[in-house]
Structures are given as C-alpha cells and as structure tokens.
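Computed from a predicted structure; not experimentally measured. Residue numbers start from 1 in every chain, and the chains themselves are labelled A, B, ... in the order their sequence lines are given, proteins ahead of strands.
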Amino acid sequence: MNDIKSARPVPKPNTFVASEPFWEAAQRGQLLMQYCVESEKFQHYPRPVSIYTGSRNLEWRPVSGRGTVYSYTVTRIPAAGFEGKVPYVIATVELEERVRIVVNLLNIAPDKVKIGMPVKLCWERLSETINNPAFEPA
Amino acid sequence: MKKKDIVIAGYSETKLAVKTGRTAYDLAGEALASLLASAGIKKSAIDGFAIAMPLSEAPNPFFAPLMCDALGLTPRWLQLGGMGGASTIANVQRAAHAIRDGMCRLAVVMGADAPSTRMAANYGGYRGEFLEPTGIQGPPGMFGLLLNRYASQHELKMEALGKIALTQREHALMNENTLEKFRKPLTMNEYVNSRMVSEPLRLLDSVMFCDGANAVLVTSAEYAKELGLEKVVFPVAYSEVTNFNCDQATPDITLSGFSLVGPEALKKAGMTPKDIRMVHPYDDFTIAVMMTLEQIGFCGTGRGSDFILDTDISYRGTLPLNTGGGQISCGQPGLASGGLNLVEAVRQMFGEAGERQVKDVSNALVTGIGVIAYARNWVVSNVMILEA
C-alpha cells in the first residue's frame, strides 16, 4: 500500500539546523521550541540564529502546547502521500507563548474548525523515531 | 527622485503551452530571436543579460552563464534572479543600475521556464522537516491559510475574487499567447463551483503551470535613440522588500511587503494611486491581486472586495487590470511568470495590444511576488512604475 512514491513524508532530524533536541523531546511527548535568551522570545521553525537579534544564543525550551487557531485550510486535493486522508485540516496555531506553528488539526470535522478556537497539543507517530506534533480541540 | 534616463525598448513573448517537451534554453532562444527581430538589433549588440532562475533547471548552479553560452551571448554584465515571480522586474531595475554604472549598454532581461515539462525545483531548507509532513499542498495550501485569515479579519466577497478571475479570462481570450485550455469564457457559476483545492481557495483562484518565455530590452534613453529604437517606456520608480515582518513571531499575516513598497514606489514616481492608468499585479492567486491593490493604496486595507466590485477593471475600464489575462488566465510559465505581466504592460504602452488595447497608456504599475514563507505572507514584494 505504501510504495515509496506515495509514502507520507517523515521528518529527518538535523537536515536544516541541529534539531535533534526537538525530535528527542517529541519522543517523550514534549514540544520544545527555540528560545532567544536575549530578547526573551520564542521562534519556530528552528533557525540558525535568533530572528530577533541575529545571535546564536538560543535555547530549546518547552512550551505549553496550548493555543488558538490563527488560520486553517481544508485540503481537498492531497499532497503526495496523503491520498487516503482527504479532506484534512492544516492550521497555523498561535501558542500562548506568542509563537506560531503549522500543524495538522486532528480529531475534528473540517466544518467544525473555527479561527480563534482553543486547541491543544497532541501527537501523531510517523515512525519509530518520529513523533510529529499535531493539535486537536482543547 | 523620478528618473527618465533608462528605457525598456522592446519585448517578446512565446506562446504558452502545457508539456511542450521543450527546455528553458529552447524557449529562451525563441524569445531572444523574436526580440532581436522585432527590435531590429544584432545579437552582438547585447552586452548585458539577466534571467530568472527557472524551476525546470533549478539544480544547475551555472544556469545563467550556460544559458548565455546556449544563446551565443557574451555579456559584460550578468545577473541571475532568484526571487521567483519578483525576479523579472527586479532584474530590470538591476539592469538599470548596471547601465548607469557603465557595466553594459544594452541588456536583455528574460524569463524562460518549462515546469509543466520538467519540475526540478526542491525548496529544501526546513520544509521537509517542519512543513511538508503536514501534507500542505504547496502554494495553494499556504495561500489557503492566508485567504482564510484575511476572511476572518476583513469582509471578503467571493464574487470579488470571481470578478478578478472572470475579467482576466475575458482579457485572455484576446491574447494569442494564452493556453489552449483557457480559450473559453468563464462564468461566475463556473468560478463558484470550481473545485476546492485548499479551502477556501478554489481551483479557479489559482494558476496552472505551463512552459514559456518572455524578454524585454533595457538600455539608456540615449542609446535607444542611437540604435533607432523608437518605441520606449521609462521605468521611473521601483521598490522591493524581502521578508517583510520576518523578525516578528506573531505578525498580522494579511499585511504584505506591498504596504511598504507600494506607497514608496508611488512617492518616487510623484504619483498617487489615482494617477495610475492601468495595473498589472502579479497574480499567482486572486487573493494576492486583491491584497496587492489594497496595500499599494488603491483602497483601504480590507476594502478590496468592494473596490473590485465597484471598479471597472476590464481593458475598457477606469483601472484596467492584467489586460493580457495574467497568469491566472493565460497560464503560469513557472518562474518566467514575473515577465508575463511586465511584457503586457509594455505591449500596451507601445500601442500593440490589438483588440484589448487600453486607451490611456500614459503609465502602468507592475508588481512581482516571490515565494511564500512559513506561517506568514509572501516573501518578496516589488513594484515598478512605467511611464510613457
């Protein structure tokens, strides 16, 4: 069923910047994000420097996993590897820590999703080593 | 601040077609030969060359010099544009700088791409690790997020987006370079009922990849005269920004870089939006057209729907918009897309637009957009104002 061509893409850690702490914490069900120590702000996706200061003084810190839907889209024509899943919801979630993440919104019918609705972190296991963050209604 | 020392003194464009089996090189050759013939100049006179990085040749880091080799060009100034759909007008501006600085005298600014034949681009970076595992359907997915957020903050009328699609289709029917597939009129009913791609974004809000090439000739006003190039337009003002608001964690994503560069370019030209006679906004999606018009200042932020519905945006109207049909209705020739709207503006200003000719072509505003960022708006916004 899952031939190579249509397999769902699974994240490969450390392909962009050193992201191992993110995926290691994800294995334990904990969501970490980069935190700029100097400006005291989070950022996501992980960057090689702070987007606020340009410094590399970044730490991985846990976030609450609580947030609201900033925007969402209901995918009707699937990306490769998602053929059996339509319709599926992709949302930009704004966390309490004032940082946004683009995720799948699970456990809700597409027509029930509302911008501004509270959501919480959940996980989707994509492989033995990859536990991917997703969100669901709070 | 307005300068009238540089001119666009010629243009060319190939027909657009799907899965031609051709390469960016071959399409570029057709655009070059056509440009030389229409301008009546010799290849040896070309001493500057700029080209947009195409999707179809993306893995080749030596694309620009090898393209020159394929075309038999020996430029003394060479530029590869990596700003996606913003590359062509950005390259016109860079050519102007090079000409003013004495690097070259006569530059060809080109786009050529064949993504419907060969899609070779890989955006790489963080996407495979942090974005693609969601199954987001590329740019339509990202624009779906943008469109939905816009709709939650502002009054979005579907029939306004539909009017953009319908008007551009009407224009495309008069453009001989339009894709075969789009050579039939479009009704509001067909628009509304077109397939949802990434809700609330419809298929007919979007572009379709095709193959094609386009080019313009950039030189000094003085040299154009010497060469006997009589038809010219002046790129009098230009502004660009990359990564607007990228150092904010939670920006208002409905604000794009056009809110900065639109008013700035108008100021450089000594104009207000009311002075603009026609607009050729980069149109990868209908919502991009609406947001671009708002943020340049044609109407207030969030007032785009009523502005579109209350304005005659046809080639006969008060603000003719994408009179060639734009990418939405002609087809998007990959990253040669940035030249499509520019070439139409120049063609109109040369008085060569045939049955869709706009009456008052004393100026035109052209825009570009390049790539869309993670959880934000598009990355590059640029504006060029042309004067007759």
Side-chain angles (χ1 to χ4, degrees), chain A residues 8-17 19 22-23 36 39 41-47 50-54 70-82 85-95 97-105 110 113-116 124 126 130 132 134, chain B residues 119 122-154 156 193-206 208 243-254 285 287 372-377:
Chain A
R8 176 173 177 176
V10 176
K12 289 187 188 67
N14 288 333
T15 46
F16 183 58
V17 296
S19 60
F22 180 93
W23 296 110
C36 169
S39 61
K41 286 188 242 182
F42 282 96
Q43 64 185 20
H44 188 78
Y45 61 93
R47 306 298 215 288
S50 160
I51 59 170
Y52 308 108
T53 67
Y70 179 77
S71 193
Y72 71 95
T73 182
V74 183
T75 310
R76 300 275 174 188
I77 298 181
F82 289 78
K85 289 182 176 287
V86 283
Y88 54 93
V89 182
I90 294 164
T92 303
V93 168
E94 183 164 321
L95 297 176
E97 290 83 2
R98 292 192 59 75
V99 60
R100 293 181 189 149
I101 182 170
V102 179
V103 290
N104 291 112
L105 203 55
V113 183
K114 297 268 181 290
I115 287 178
E124 210 176 357
L126 300 184
I130 294 296
N132 202 42
Chain B
M119 178 62 187
N122 175 357
Y123 295 174
Y126 65 86
R127 290 193 183 206
E129 195 173 344
F130 292 102
L131 191 59
E132 285 156 12
T134 63
I136 196 155
Q137 175 54 285
M142 308 288 262
F143 269 89
L145 289 171
L146 189 52
L147 178 56
N148 219 6
R149 183 65 201 183
Y150 179 98
S152 79
Q153 286 183 216
H154 307 296
L156 178 68
N193 292 315
S194 75
R195 190 171 173 191
M196 283 290 180
V197 179
S198 200
E199 214 173 298
L201 189 121
R202 292 173 162 75
L203 191 65
L204 290 175
D205 287 314
S206 321
M208 183 174 158
N243 282 331
F244 180 75
N245 273 346
C246 85
D247 58 352
Q248 294 180 26
T250 55
D252 175 359
I253 67 162
T254 70
F285 296 95
I287 184 64
I372 185 155
Y374 182 93
R376 262 190 6 256
N377 205 299

Exercise for the section: Below 4.5 Å from any heavy atom of chain B, which atoms of Glu94(A) appear? Answer side chain, backbone, both or neither. Expected result: side chain
Problem - Whether Tyr88(A) side chain and Gly135(B) backbone form a donor-acceptor pair below 3.5 Å - result: yes
Practice task
Give, as side chain, backbone, both or neither, the part of Arg195(B) having an atom under 4.5 angstrom from any heavy atom of chain A.
Solution key: side chain
Handout entry: Most chain A-contacting option - heavy-atom pairs closer than 4.5 Å, from Cys246(B), Ala249(B), Pro200(B)
Key = Ala249(B)
Completion exercise
Counting heavy-atom pairs under 4.5 Å with chain B, the top scorer among Leu126(A), Asn132(A), Val102(A), Val86(A) is Val102(A)
Practice task
Could you pull out all residues at least two apart from Asn14(A) that satisfy side-chain contact (heavy atoms from CB on, under 4.5 Å)?
Solution key: Ala18(A), Ser19(A), Glu20(A)
Problem - Part of Ile136(B) lying under 4.5 Å from any heavy atom of chain A - result: both
Exercise for the section: Please state whether the side chain, the backbone, both or neither of Phe22(A) comes within less than 4.5 Å of a heavy atom of chain B. Expected result: side chain
Practice task
Please say whether the positively charged group of Arg47(A), taken as NZ for Lys or CZ for Arg, lies over the ring of Tyr45(A), i.e. under 6.0 angstrom from the six-membered ring centre and within 45 degrees of the axis.
Solution key: yes
Under 3.5 Å, which donor-acceptor pairs do the side chains of residues 137-146 of chain B form with other protein atoms, sequence neighbours left out?
residue: Gln137(B); atom: NE2; partner: Ile77(A); partner atom: O; Å: 3.2
residue: Gln137(B); atom: NE2; partner: Pro78(A); partner atom: O; Å: 3.0

Completion exercise
Of the listed Thr53(A), Val17(A), Ile51(A), the one with the largest count of heavy-atom pairs under 4.5 Å with chain B is Ile51(A)
Practice task
Hey, can you tell me if Tyr374(B) and His44(A) have their rings parallel, tilted or perpendicular (30° and 60° cut-offs)?
Solution key: perpendicular
Handout entry: CD on Glu97(A) to OG1 on Thr250(B), rounded to 0.5 Å
Key = 12.0 Å
Problem - When Ser39(A), Pro46(A), Ser71(A) are compared by non-hydrogen pairs under 4.5 Å with chain B, the top option - result: Ser71(A)
Fill in the blank from the handout: Applying a strict 4.5 Å limit to non-hydrogen atoms, the region of Ile130(A) in contact with chain B is neither
Exercise for the section: Describe, in one word, how the ring planes of Tyr126(B) and Phe16(A) are oriented to each other, choosing from parallel (under 30°), tilted (30 to 60°) and perpendicular (over 60°). Expected result: perpendicular
Completion exercise
So, the part of Ile115(A) with a heavy atom under 4.5 Å from chain B: the answer is side chain
Exercise for the section: Look at the side chain of Tyr72(A) and the backbone N and O of Val113(A), then say whether any donor-acceptor pair between them is shorter than 3.5 Å. Expected result: yes
Problem - Heavy-atom proximity to chain B below 4.5 Å, by part of Ala91(A) - result: backbone
Problem - Interface residue of largest heavy-atom contact number with chain A, from Val197(B), Leu201(B), Leu147(B), under 4.5 Å - result: Val197(B)
